[in-house]
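Reviewing the structure listed below.
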Protein chains: 4
Amino acid sequence: MGHKNSNGKRTEKYEKILDAAVKVFAKKGFYQSRVSDIAREAGVADGTIYIYFKNKDDILISIFEEKMRIAISIFQQELAQGENALSKLRRFVHVHLDLFRQNPELAAVLQVELRQSSRFMKEYKKVELKRFLDLIGDIVKQGQEEGFFRKDLPVSLVKRFVFGALDEIISTWVSSGGKFNLMDYADALSDLFIRGLGTVKVLEGVVDSSGEGGVPESASLDFKEGGMEL
Amino acid sequence: MGHKNSNGKRTEKYEKILDAAVKVFAKKGFYQSRVSDIAREAGVADGTIYIYFKNKDDILISIFEEKMRIAISIFQQELAQGENALSKLRRFVHVHLDLFRQNPELAAVLQVELRQSSRFMKEYKKVELKRFLDLIGDIVKQGQEEGFFRKDLPVSLVKRFVFGALDEIISTWVSSGGKFNLMDYADALSDLFIRGLGTVKVLEGVVDSSGEGGVPESASLDFKEGGMEL
Amino acid sequence: MGHKNSNGKRTEKYEKILDAAVKVFAKKGFYQSRVSDIAREAGVADGTIYIYFKNKDDILISIFEEKMRIAISIFQQELAQGENALSKLRRFVHVHLDLFRQNPELAAVLQVELRQSSRFMKEYKKVELKRFLDLIGDIVKQGQEEGFFRKDLPVSLVKRFVFGALDEIISTWVSSGGKFNLMDYADALSDLFIRGLGTVKVLEGVVDSSGEGGVPESASLDFKEGGMEL
Amino acid sequence: MGHKNSNGKRTEKYEKILDAAVKVFAKKGFYQSRVSDIAREAGVADGTIYIYFKNKDDILISIFEEKMRIAISIFQQELAQGENALSKLRRFVHVHLDLFRQNPELAAVLQVELRQSSRFMKEYKKVELKRFLDLIGDIVKQGQEEGFFRKDLPVSLVKRFVFGALDEIISTWVSSGGKFNLMDYADALSDLFIRGLGTVKVLEGVVDSSGEGGVPESASLDFKEGGMEL
DNA sequence: GATGAATGAGTTTTCATTCAT
DNA sequence: GATGAATGAAAACTCATTCAT
């Protein structure tokens, strides 16, 4: 993972090119970016890029690998500190937004470019993205076990629900050029998720109703096997 | 909008090319698709395409405009039949999923390709997507006025929240090649939205708590002006 | 074989490019020739070449195919008129030299470029060249049956012997830039072959010796199976 | 000739690189070979090659010069032992085949690569190849003086005839990957040459005819000045 | 309007050669 | 002398777009 010199140390140039690529891809998009743009941004010759990367595709893949690896490790560290699923979900939302807020260019690449459907990327996305989605999935499962989250929803649906909603907010922020404060929305988003997912146990803290409490509509939801799983 | 002959009637070839483009873009992606691929798929000569479209970009833009126009009109028709925001939201989710289920190739293009950040597309997305997002936004506003939806959440956040979550589910379905039944999730998604957004009035139907009902956390949410709006 | 338009007629451009390629390859060699050189020589745009040929290699292969086909058909026609192996061999030498004399550039390509060892070419050469060598081989076999040529020499050796000797003379002529008259050597070469290959029956017309005639050394030649055959 | 250190001694690395180049060129051809391939094969750094050779071309030229020098000196030694032109020609054929049999890779380079017509190589070939051809030419001349070989054939033609025929046999052997026993053909080839070239005096040992012996056709061969000479 | 052959600008990629260490 | 990372010129090839028919 990463390009290492004989000492096994990641080389400076490799990082420089990768960072330049993030910047360039973020600005112009993968297909609109020229390898020479990346070279110029990195301050190296065009040919140098091919010492560190097999080809242009490999750069994008490497960004994904490299950055996802870092991102996931950050998430795992953060989530380890959460006590229960509720706090973990709040943390997750917070870290996700914060991470992208701190790396807007990376966000742009990850959010926008990796959506592209070139065949190789689809395959790629599947593997790496799955690990990311599973971070959410694990929280959801834990929440269901702890009795915080409804059990009548398939985890595979919920994790994508959460991911998609966050994704869109970040995309909006990226598209806006970072004009608004992304973190302002962290609590609201966590809240939307928790209310949406929450069991009575959770909602009691929200609702003051003394009604008899009808069976939630969703109680009738009945997901058969063989459903969603990318 | 659309290519019309002297009678103002949309020509058959125009439609043929547009449909071919949807198919081709869906399969290979915009940048990986050749104009000649579209021509072959449409059964016309390469040059013919340039009679109906200014250039390759224009084809994608036209797909967006054309299809969005149709989609939005369908939505408006459907939503007109909804009584209140709750039923409208349910309808919206249902129609959205159903529309894409019926046009998987169109879904692929709209979901995947239009995510690309080529400059021209960003501009276009803004305009057309805005109208789509506003359909959701209007429902949310109505819901807030009717007392079904919390007022402490900015509509701009909520509409993107809803759009993003639906978007991701559809993307998953597209990526899976339509393997699972998209409509199975309509109710669950509506439910997640409604619970997340719902006021006490709504949640009463869900929660049976007889507690005094703590102030919802989200009560403290306070979004200043100048926030999110793409 | 050849590039044909919808009427099945070989297109003019295809021929123009092929001829230009012969000229350019002859002058600078395959690897030293630029596709743009060929395009300029042919008076077409670079891209046009790729309408008629898959790639640069394909041009060389096509020259070989195309010209070899023509050459072999000329040979077959000429040889059909020969009465016996002796006259056929003379004809073969004459036609071979004459053909290249008339197409010095083609000679240069066939003689020099096709000697190159790129893997694909090796395979190619084998097939096409074999047919050419077999033209000689057939004459030799016929001569052996007619009693003109010694039977103690493997046809596979002899055909290459003849080909190699002619080849080198032509190469010399090509290298010299066509300075000497190639046809002047036709009879001498035929003579060298016929004497070398000839049986007593043939040599009687040459030698006036009344000696007892020792068994020719070559009588002891004994070629085992599994020898030369490319 | 050769790279010498301050002591005038050829350095070990120079030889290592040259041998590596022979191997690499033989396998992939000059233009398909990378300088780095040679470096790897030689076990040195890319840059080291440029200490011993001016550039890539210079490596090929050096192979030719170096190996030709050795080959020619071997030939001269061997030929010195021949008594007359007949035995010398037999020796020449034998040594030629044997030399290449023992150095198949060198053979591949000399046979195949030097056929390429890059401008620089043409010049080189001329000089070095001439010395080689002259070895044959000298034998032919001697044979003519000794009365063994016909005087009506230009030496320049005959030496190329001999060279070309041998060349092709070796090429076949090289192309076959050394599958057959090259030496098996030495006598047959010598025999073909000697019969082709031989005067009555020589052929008497071959033909037992007591006929009066018509004037050989070749008697009429009359080569004017200014003919073949590369 | 329709065609599709031709165009040539624009890109990726390669690799001989250099030069600081 | 030796290294090998860096260079950047050069070349094959692609494909959106044009335009004569």
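Throughout, protein chains are lettered first and strands after them, A, B, ... in sequence-line order, and every chain is numbered starting at 1.
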Donor-acceptor check, side chain of Thr48(C) to backbone of Val44(C), threshold 3.5 angstrom: yes or no?
no

I want to check one thing: is the phosphate of dA6(F), taken as OP1 and OP2, less than 4.0 Å away from some side-chain N or O of Lys13(A)?
yes

Cation-pi, Tyr50(A) ring and Lys56(A) (6.0 angstrom, 45 degrees)
no

Residue Ile51(B), side-chain heavy atoms: nucleotide from dT13(E), dA2(E), dG1(F) that is nearest
dA2(E)

Axial bend angle, the helix from dA2(E)-dT21(F) to dT21(E)-dA2(F): five-pair end segments, nearest 10°
10°

Within this structure, what is the CZ-to-C1' distance between Arg40(B) and dG4(E), rounded to whole angstrom?
13 Å

Measuring to OP1 and OP2 of dT14(F), would you say a side-chain N or O of Arg34(B) lies under 4.0 angstrom away?
no

Toward the 5' end of DNA chain F, which comes first, Ser33(C) or Gly43(A), by nearest nucleotide?
Gly43(A)

Rounded distance (Å) that lies between atom P of dG10(E) and atom CD of Gln32(A):
14 Å

Using the rule given for side chain to side chain contact (heavy atoms under 4.5 Å, CB included), can you reason through Tyr14(D) versus Leu18(D), listing the C-alpha separation, both sets of side-chain angles and the distance that settles it, and then say yes or no?
CA-CA 6 Å; Tyr14(D) 174 86; Leu18(D) 215 60; 4.0 Å; yes

Can you tell me which nucleotide in dA2(F), dT7(F), dT18(F) comes closest to the side chain of Tyr50(B)?
dT18(F)

For the pair Asp58(C) (side chain) and Asn55(C) (backbone), establish whether a donor and an acceptor sit closer than 3.5 Å, ignoring hydrogens and angles.
no

So which one's nearest nucleotide on DNA chain F is more toward 5', Lys54(C) or Thr48(D)?
Thr48(D)

Does the Asn103(A) side chain pair with the main chain of Glu105(A), one donor and one acceptor, at a distance under 3.5 Å?
no

Once you round it to whole Å, what is the distance between P of dA16(F) and CG of Asp58(B)?
14 Å

Measuring to OP1 and OP2 of dA11(F), would you say a side-chain N or O of Tyr31(C) lies under 4.0 angstrom away?
no

Side chain of Ala45(A) only, heavy atoms from C-beta on: which candidate in dT17(E), dG8(F), dT3(F) is closest?
dG8(F)

What is the separation between atom NZ on Lys56(B) and atom C1' on dA16(F), rounded to the nearest whole Å?
8 Å

How close or far is atom P of dC15(E) from atom CZ of Phe30(D), stated in whole angstroms?
13 Å

Pair Lys67(B) + Asp19(B): basic N to acidic O under 4.0 Å
yes

Winner on side-chain proximity to Asp46(D), out of dT7(E), dT17(E), dA12(F), is dT17(E)

Spacing of Ile49(C) atom CD1 relative to dA11(F) atom C1', expressed in whole Å
13 Å

Walk me through it: do Glu41(C) and Lys16(C) pass the test side chain to side chain contact (heavy atoms under 4.5 Å, CB included)?
CA-CA 9 Å; Glu41(C) 179 71 39; Lys16(C) 240 178 22 189; over 6 Å; no

Is the distance between the ring centroids of Phe30(A) and Tyr31(B) under 6.0 Å?
no

Could you tell me how far apart Lys28(A) (NZ) and dT11(E) (P) are, to the nearest whole angstrom?
8 Å

Whole-Å distance, Lys16(B) NZ to dG1(E) P, equals 15 Å

For Asn55(D) and Gly47(A), take the nucleotide of DNA chain E holding the closest heavy atom to each; which residue's nucleotide lies nearer the 5' end?
Gly47(A)

